[in-house]
Amino acid sequence: MRATDAAVFYQWGARIGLDMTVGYPAWRRMTKRTLQRPAVQRVLADENISIA
């Protein structure tokens, strides 16, 4: 799985109503760490992807 895949899955789960903060705490932590990586931030900016 690529680093951005984790973030996209997290966002998708939240959008369909899954409580990602409670139901998937390890995934939430991994996603938070992944989104802090400079390379991931560059890719998201280059691809105009917003992860809220």
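As the structure is a prediction and not an experimental result, all values here were calculated from the model. Positions are given from 1, in the same order as the sequence printed here.
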Original post:
What residues, two or more places apart in sequence or in another chain, satisfy side chain to side chain contact (heavy atoms under 4.5 Å, CB included) together with Q36?
Top reply: K32

Original post:
What residues form a side chain to side chain contact (heavy atoms under 4.5 Å, CB included) with I49, not counting sequence neighbours?
Top reply: L44, E47, I51

Original post:
How long is the span from the CG atom in L35 to the CE atom in M30, to the nearest 0.5 Å?
Top reply: 10.0 Å

Ignoring hydrogens and angles, write down the donor-acceptor pairs under 3.5 Å from the side chains of residues 12-26, residues two or more places apart or on other chains.
unit_1, atom_1, unit_2, atom_2, d
D19, OD1, T21, N, 3.4
D19, OD1, T21, OG1, 2.8
D19, OD1, V22, N, 3.4

